[in-house]
Amino acid sequence: MTQLLGSTGIRRMMADLPALGARLALLAAIWWVLTGGSLSAWVWGVPAVLIAACLRPGLGSGGAWRWSLMGLLRFVPVFAWYNVRGALDVAVLALHPRRRPDPVLLGFPLRLPPGPSRVFMTNLINLLPGTLSTNLTAQGIEIHVLAGSDANIRILTILERRVADLFALPPAPDAPWAAKR
Amino acid sequence: MSALAGVVLIVMGLLFFLSGTVGLLRFPDVFTRLHAISKADTLALGLVCAGLALHADYGALQLKLLLIWLLVIVSGATCSSLIARAALAHGIRPWQR
(Lines give C-alpha, C1' and ligand atoms only; values in the text may rest on other atoms or scores of the structure.)
Protein backbone atom coordinates (compact mmCIF):
# COMPACT_ATOMS: atom_id res chain seq x y z
CA MET A 1 0.00 0.00 0.00
CA THR A 2 2.81 2.34 0.97
CA GLN A 3 4.57 1.57 -2.29
CA LEU A 4 1.36 2.07 -4.26
CA LEU A 5 0.63 5.45 -2.75
CA GLY A 6 4.21 6.64 -2.51
CA SER A 7 5.47 9.06 0.14
CA THR A 8 3.90 12.08 -1.62
CA GLY A 9 0.48 10.42 -1.66
CA ILE A 10 0.68 9.53 2.03
CA ARG A 11 1.80 13.07 2.93
CA ARG A 12 -1.14 14.47 0.93
CA MET A 13 -3.55 12.10 2.69
CA MET A 14 -2.18 13.05 6.10
CA ALA A 15 -2.43 16.74 5.27
CA ASP A 16 -6.06 16.23 4.21
CA LEU A 17 -7.03 14.40 7.43
CA PRO A 18 -8.23 17.46 9.39
CA ALA A 19 -10.32 18.59 6.40
CA LEU A 20 -11.69 15.05 6.00
CA GLY A 21 -12.61 14.98 9.68
CA ALA A 22 -14.40 18.32 9.36
CA ARG A 23 -16.33 17.08 6.30
CA LEU A 24 -17.30 13.86 8.11
CA ALA A 25 -18.55 15.84 11.12
CA LEU A 26 -20.53 18.28 8.98
CA LEU A 27 -22.11 15.59 6.79
CA ALA A 28 -22.94 13.42 9.82
CA ALA A 29 -24.61 16.44 11.46
CA ILE A 30 -26.65 17.07 8.28
CA TRP A 31 -27.72 13.41 8.19
CA TRP A 32 -28.61 13.48 11.88
CA VAL A 33 -30.81 16.57 11.42
CA LEU A 34 -32.49 15.24 8.26
CA THR A 35 -33.33 11.86 9.83
CA GLY A 36 -34.46 13.37 13.13
CA GLY A 37 -31.79 11.47 15.06
CA SER A 38 -33.18 8.04 14.12
CA LEU A 39 -30.65 5.30 14.98
CA SER A 40 -31.89 2.88 12.29
CA ALA A 41 -31.26 5.54 9.59
CA TRP A 42 -27.50 5.28 10.23
CA VAL A 43 -27.52 1.95 8.33
CA TRP A 44 -27.72 4.12 5.21
CA GLY A 45 -26.23 7.18 6.82
CA VAL A 46 -22.76 5.80 7.56
CA PRO A 47 -21.98 4.72 3.97
CA ALA A 48 -23.64 7.86 2.57
CA VAL A 49 -21.59 10.15 4.83
CA LEU A 50 -18.34 8.25 4.13
CA ILE A 51 -18.84 8.32 0.36
CA ALA A 52 -19.87 11.98 0.35
CA ALA A 53 -16.89 12.98 2.53
CA CYS A 54 -14.46 11.17 0.21
CA LEU A 55 -16.04 12.68 -2.94
CA ARG A 56 -15.54 16.19 -1.49
CA PRO A 57 -18.82 17.78 -2.57
CA GLY A 58 -18.66 21.54 -2.77
CA LEU A 59 -17.35 24.20 -5.07
CA GLY A 60 -14.86 22.13 -7.06
CA SER A 61 -11.14 21.66 -6.60
CA GLY A 62 -10.12 25.14 -7.63
CA GLY A 63 -7.99 25.71 -4.56
CA ALA A 64 -8.50 26.87 -1.01
CA TRP A 65 -11.31 29.31 -0.25
CA ARG A 66 -12.95 30.90 2.72
CA TRP A 67 -16.07 32.87 3.45
CA SER A 68 -16.13 36.19 5.21
CA LEU A 69 -18.81 36.39 7.93
CA MET A 70 -19.42 40.09 7.26
CA GLY A 71 -19.52 39.34 3.55
CA LEU A 72 -22.14 36.66 4.23
CA LEU A 73 -24.24 39.09 6.29
CA ARG A 74 -24.10 41.62 3.43
CA PHE A 75 -24.78 38.95 0.78
CA VAL A 76 -27.88 37.28 2.28
CA PRO A 77 -30.32 40.26 2.21
CA VAL A 78 -29.28 41.28 -1.33
CA PHE A 79 -29.67 37.68 -2.55
CA ALA A 80 -33.02 37.25 -0.75
CA TRP A 81 -34.40 40.46 -2.31
CA TYR A 82 -33.40 39.51 -5.85
CA ASN A 83 -34.55 35.90 -5.37
CA VAL A 84 -38.04 37.16 -4.46
CA ARG A 85 -37.97 39.54 -7.44
CA GLY A 86 -36.91 36.70 -9.73
CA ALA A 87 -39.76 34.48 -8.55
CA LEU A 88 -42.27 37.32 -8.92
CA ASP A 89 -41.00 38.16 -12.45
CA VAL A 90 -41.35 34.58 -13.63
CA ALA A 91 -44.74 34.17 -11.91
CA VAL A 92 -46.12 37.27 -13.68
CA LEU A 93 -44.73 36.09 -17.01
CA ALA A 94 -46.22 32.62 -16.53
CA LEU A 95 -49.67 33.75 -15.39
CA HIS A 96 -50.20 36.86 -17.55
CA PRO A 97 -52.41 35.92 -20.51
CA ARG A 98 -50.67 38.17 -23.08
CA ARG A 99 -47.05 38.33 -21.90
CA ARG A 100 -44.56 35.89 -23.42
CA PRO A 101 -40.83 35.33 -22.90
CA ASP A 102 -38.41 37.16 -25.21
CA PRO A 103 -35.24 35.17 -24.53
CA VAL A 104 -31.69 35.87 -25.64
CA LEU A 105 -28.29 34.20 -25.08
CA LEU A 106 -25.58 36.49 -23.67
CA GLY A 107 -21.96 36.17 -22.71
CA PHE A 108 -21.32 37.66 -19.27
CA PRO A 109 -17.60 38.39 -18.73
CA LEU A 110 -16.75 37.46 -15.15
CA ARG A 111 -14.35 39.47 -13.02
CA LEU A 112 -14.17 36.83 -10.31
CA PRO A 113 -10.97 34.73 -10.40
CA PRO A 114 -11.23 31.12 -11.63
CA GLY A 115 -12.17 28.72 -8.85
CA PRO A 116 -14.88 28.26 -6.23
CA SER A 117 -16.26 31.81 -6.38
CA ARG A 118 -16.99 31.40 -10.12
CA VAL A 119 -18.74 28.06 -9.55
CA PHE A 120 -20.80 29.69 -6.79
CA MET A 121 -21.71 32.61 -9.09
CA THR A 122 -22.68 30.20 -11.90
CA ASN A 123 -25.20 28.50 -9.61
CA LEU A 124 -26.38 31.76 -8.08
CA ILE A 125 -27.33 33.17 -11.49
CA ASN A 126 -30.15 30.60 -11.74
CA LEU A 127 -31.85 32.08 -8.68
CA LEU A 128 -31.72 35.72 -9.86
CA PRO A 129 -34.33 37.57 -11.94
CA GLY A 130 -34.54 36.38 -15.54
CA THR A 131 -31.11 34.70 -15.84
CA LEU A 132 -30.01 31.09 -16.32
CA SER A 133 -26.38 30.02 -16.65
CA THR A 134 -25.82 27.66 -19.55
CA ASN A 135 -22.04 27.30 -19.55
CA LEU A 136 -18.99 28.37 -17.57
CA THR A 137 -16.06 29.18 -19.87
CA ALA A 138 -12.59 30.61 -19.33
CA GLN A 139 -13.88 34.05 -20.37
CA GLY A 140 -17.06 34.10 -18.35
CA ILE A 141 -20.56 32.66 -18.18
CA GLU A 142 -23.01 32.09 -21.01
CA ILE A 143 -26.41 33.22 -19.86
CA HIS A 144 -29.94 32.63 -21.09
CA VAL A 145 -31.97 35.76 -20.31
CA LEU A 146 -35.73 35.25 -20.13
CA ALA A 147 -36.94 38.67 -21.18
CA GLY A 148 -33.88 40.29 -22.77
CA SER A 149 -33.60 43.00 -20.15
CA ASP A 150 -30.44 45.03 -19.41
CA ALA A 151 -31.66 45.37 -15.81
CA ASN A 152 -31.06 41.64 -15.27
CA ILE A 153 -27.43 42.01 -16.32
CA ARG A 154 -26.99 44.94 -13.94
CA ILE A 155 -28.29 42.73 -11.12
CA LEU A 156 -25.58 40.18 -12.00
CA THR A 157 -22.86 42.82 -11.65
CA ILE A 158 -24.27 43.78 -8.23
CA LEU A 159 -24.33 40.15 -7.10
CA GLU A 160 -20.85 39.53 -8.51
CA ARG A 161 -19.54 42.27 -6.21
CA ARG A 162 -21.39 40.65 -3.28
CA VAL A 163 -19.90 37.23 -4.15
CA ALA A 164 -16.37 38.74 -4.21
CA ASP A 165 -17.13 40.23 -0.79
CA LEU A 166 -18.50 36.85 0.43
CA PHE A 167 -15.31 35.04 -0.63
CA ALA A 168 -13.15 37.82 0.86
CA LEU A 169 -11.75 38.68 -2.59
CA PRO A 170 -10.61 42.20 -3.54
CA PRO A 171 -13.33 44.27 -5.24
CA ALA A 172 -13.16 44.04 -9.02
CA PRO A 173 -13.35 47.01 -11.39
CA ASP A 174 -16.60 47.72 -13.21
CA ALA A 175 -17.56 44.99 -15.65
CA PRO A 176 -17.36 45.48 -19.38
CA TRP A 177 -20.84 45.31 -20.85
CA ALA A 178 -22.31 41.92 -21.63
CA ALA A 179 -21.86 40.79 -25.22
CA LYS A 180 -24.92 39.59 -27.11
CA ARG A 181 -24.42 36.32 -28.99
CA MET B 1 -51.02 34.55 15.64
CA SER B 2 -47.97 32.59 14.49
CA ALA B 3 -50.32 29.80 13.32
CA LEU B 4 -52.14 32.29 11.09
CA ALA B 5 -48.84 33.69 9.77
CA GLY B 6 -47.76 30.10 9.06
CA VAL B 7 -50.91 29.46 7.02
CA VAL B 8 -50.42 32.71 5.07
CA LEU B 9 -46.80 31.75 4.23
CA ILE B 10 -47.84 28.24 3.13
CA VAL B 11 -50.63 29.60 0.90
CA MET B 12 -48.19 32.11 -0.65
CA GLY B 13 -45.76 29.24 -1.23
CA LEU B 14 -48.46 27.18 -2.93
CA LEU B 15 -49.29 30.14 -5.23
CA PHE B 16 -45.62 30.33 -6.28
CA PHE B 17 -45.61 26.54 -6.85
CA LEU B 18 -48.70 27.03 -9.02
CA SER B 19 -47.06 29.83 -11.03
CA GLY B 20 -43.93 27.70 -11.53
CA THR B 21 -46.05 24.81 -12.79
CA VAL B 22 -48.01 27.09 -15.13
CA GLY B 23 -44.68 28.39 -16.46
CA LEU B 24 -43.50 24.82 -16.96
CA LEU B 25 -46.59 24.14 -19.09
CA ARG B 26 -46.81 27.49 -20.91
CA PHE B 27 -43.18 28.37 -21.65
CA PRO B 28 -41.97 27.24 -25.05
CA ASP B 29 -38.62 25.42 -24.50
CA VAL B 30 -36.37 23.73 -21.96
CA PHE B 31 -34.44 26.91 -21.14
CA THR B 32 -37.48 29.06 -20.39
CA ARG B 33 -39.04 26.21 -18.38
CA LEU B 34 -35.89 25.96 -16.28
CA HIS B 35 -36.38 29.64 -15.38
CA ALA B 36 -39.87 28.83 -14.12
CA ILE B 37 -38.91 25.95 -11.85
CA SER B 38 -35.55 27.25 -10.62
CA LYS B 39 -36.90 30.59 -9.39
CA ALA B 40 -40.58 30.21 -8.53
CA ASP B 41 -40.26 26.77 -6.92
CA THR B 42 -37.24 27.74 -4.82
CA LEU B 43 -39.09 30.66 -3.27
CA ALA B 44 -42.26 28.54 -2.99
CA LEU B 45 -40.45 25.86 -1.00
CA GLY B 46 -38.84 28.53 1.20
CA LEU B 47 -42.26 30.01 2.02
CA VAL B 48 -43.78 26.57 2.72
CA CYS B 49 -40.82 25.62 4.95
CA ALA B 50 -41.07 28.97 6.79
CA GLY B 51 -44.81 28.43 7.28
CA LEU B 52 -44.31 24.88 8.56
CA ALA B 53 -41.49 26.08 10.85
CA LEU B 54 -43.95 28.45 12.53
CA HIS B 55 -46.17 25.41 13.24
CA ALA B 56 -43.26 23.23 14.44
CA ASP B 57 -43.13 22.39 18.15
CA TYR B 58 -39.39 22.04 18.57
CA GLY B 59 -36.18 23.58 17.23
CA ALA B 60 -34.75 20.44 15.61
CA LEU B 61 -37.71 20.31 13.22
CA GLN B 62 -37.23 23.98 12.31
CA LEU B 63 -33.55 23.30 11.66
CA LYS B 64 -34.52 20.32 9.50
CA LEU B 65 -36.89 22.49 7.42
CA LEU B 66 -34.19 25.13 6.95
CA LEU B 67 -31.71 22.45 5.90
CA ILE B 68 -34.17 20.92 3.41
CA TRP B 69 -34.68 24.36 1.84
CA LEU B 70 -30.93 25.08 1.61
CA LEU B 71 -30.22 21.65 0.07
CA VAL B 72 -33.00 22.12 -2.49
CA ILE B 73 -31.68 25.61 -3.38
CA VAL B 74 -28.18 24.22 -4.01
CA SER B 75 -29.32 21.12 -5.91
CA GLY B 76 -31.98 23.03 -7.91
CA ALA B 77 -29.55 25.74 -9.01
CA THR B 78 -26.85 23.22 -9.93
CA CYS B 79 -29.26 20.92 -11.82
CA SER B 80 -30.66 23.88 -13.80
CA SER B 81 -27.17 24.77 -15.05
CA LEU B 82 -26.36 21.13 -15.87
CA ILE B 83 -29.62 20.58 -17.80
CA ALA B 84 -29.18 23.87 -19.73
CA ARG B 85 -25.57 23.01 -20.59
CA ALA B 86 -26.53 19.49 -21.68
CA ALA B 87 -29.35 20.87 -23.85
CA LEU B 88 -26.97 23.27 -25.63
CA ALA B 89 -24.37 20.52 -26.02
CA HIS B 90 -27.01 18.32 -27.69
CA GLY B 91 -27.75 21.05 -30.21
CA ILE B 92 -31.01 22.31 -28.75
CA ARG B 93 -31.21 25.99 -29.63
CA PRO B 94 -33.14 28.40 -27.42
CA TRP B 95 -36.59 29.38 -28.63
CA GLN B 96 -36.82 32.92 -29.98
CA ARG B 97 -39.75 35.15 -30.75
Side-chain angles (χ1 to χ4, degrees), chain A residues 26 29-37 57-60 79-97 99-106 119-137 141-148 152 181, chain B residues 12-13 15-44 46-47 58-68 70-71 73-89 92-97:
Chain A
L26 177 67
I30 290 174
W31 185 268
W32 180 77
V33 172
L34 286 178
T35 58
L59 296 171
F79 164 69
W81 165 244
Y82 285 120
N83 185 233
V84 171
R85 264 186 62 179
L88 280 170
D89 280 357
V90 87
V92 168
L93 199 60
L95 297 173
H96 197 285
R99 285 187 63 183
R100 297 210 72 190
D102 185 13
V104 64
L105 270 183
L106 296 173
V119 177
F120 184 86
M121 183 72 194
T122 308
N123 288 333
L124 183 67
I125 282 172
N126 301 333
L127 303 169
L128 301 176
T131 51
L132 174 77
S133 62
T134 56
N135 203 9
L136 176 60
T137 65
I141 306 181
E142 287 180 358
I143 294 167
H144 183 268
V145 182
L146 190 58
N152 295 339
R181 281 183 66 193
Chain B
M12 284 169 63
L15 289 174
F16 274 106
F17 269 128
L18 178 70
S19 70
T21 308
V22 171
L24 198 63
L25 296 170
R26 277 194 71 200
F27 287 172
D29 70 346
V30 62
F31 303 99
T32 48
R33 286 172 189 155
L34 282 171
H35 282 276
I37 53 170
S38 64
K39 294 174 223 324
D41 283 16
T42 304
L43 182 63
L47 291 168
Y58 51 99
L61 186 55
Q62 292 165 336
L63 186 61
K64 182 177 177 174
L65 288 163
L66 175 68
L67 198 54
I68 288 170
L70 290 176
L71 289 172
I73 285 184
V74 173
S75 61
T78 306
C79 287
S80 297
S81 284
L82 292 176
I83 293 170
R85 191 168 69 173
L88 276 183
I92 299 172
R93 300 305 302 164
W95 174 87
Q96 286 187 314
R97 266 175 127 166

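In what follows, every chain begins at residue 1, and chains take the letters A, B, ... in the order their sequences are listed. The structure presented is a predicted model; accordingly, all values stated were derived computationally and were not measured.
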Task: Most chain B-contacting option - heavy-atom pairs closer than 4.5 Å, from A:L124, A:L93, A:I125, A:L136 - done: A:L93

- [ ] Drop me the distance from B:L67's CG to A:W32's CH2, to the nearest 0.5 angstrom.
- [x] 11.5 Å

- [ ] Supply the atom-to-atom distance A:N135 CG to B:S81 OG, rounded to the nearest 0.5 angstrom.
- [x] 9.5 Å

TODO: Walk me through it: do A:N126 and B:T42 pass the test side-chain contact (heavy atoms from CB on, under 4.5 Å)?
DONE: CA-CA 10 Å; A:N126 301 333; B:T42 304; over 6 Å; no

Open item on the list: How about CZ on B:R26, more than 12 heavy atoms from neighbouring residues, nucleotides or ligands closer than 6.0 Å, or not?
Closed with: yes

Task: Heavy-atom pairs under 4.5 Å with chain B, option from A:G36, A:S133, A:P129 with the top count - done: A:S133

Task: Pairs of heavy atoms under 4.5 Å with chain A: top-ranked of B:V22, B:D29, B:I83, B:D41 - done: B:V22

- [ ] Under 4.5 Å heavy-atom distance to chain A, tell me which part of B:L25 shows up: side chain, backbone, both or neither.
- [x] neither

Open item on the list: A:L146 vs B:F31, test: side-chain contact (heavy atoms from CB on, under 4.5 Å). Steps then yes/no.
Closed with: CA-CA 8 Å; A:L146 190 58; B:F31 303 99; over 6 Å; no

TODO: Please confirm whether the backbone N or O of A:H144 pairs with a side-chain atom of B:H35, one donor and one acceptor, at under 3.5 Å?
DONE: yes

Task: Neighbour count above 12 (heavy atom, 6.0 Å) for B:W95 CH2 - done: yes

Task: Exam field: side chain B:K39 to backbone A:R85, donor-acceptor pair closer than 3.5 Å - done: no

Task: chain B contacts, top residue of A:T35, A:D89, A:I30 (heavy-atom pairs, under 4.5 Å) - done: A:I30

Open item on the list: Only pairs of heavy atoms separated by less than 4.5 Å count here; which of B:A40, B:A87, B:A44, B:G76 has the most with chain A?
Closed with: B:A40

Open item on the list: Working to the nearest 0.5 angstrom, can you tell me the gap between A:N123 CG and B:S38 OG?
Closed with: 11.0 Å

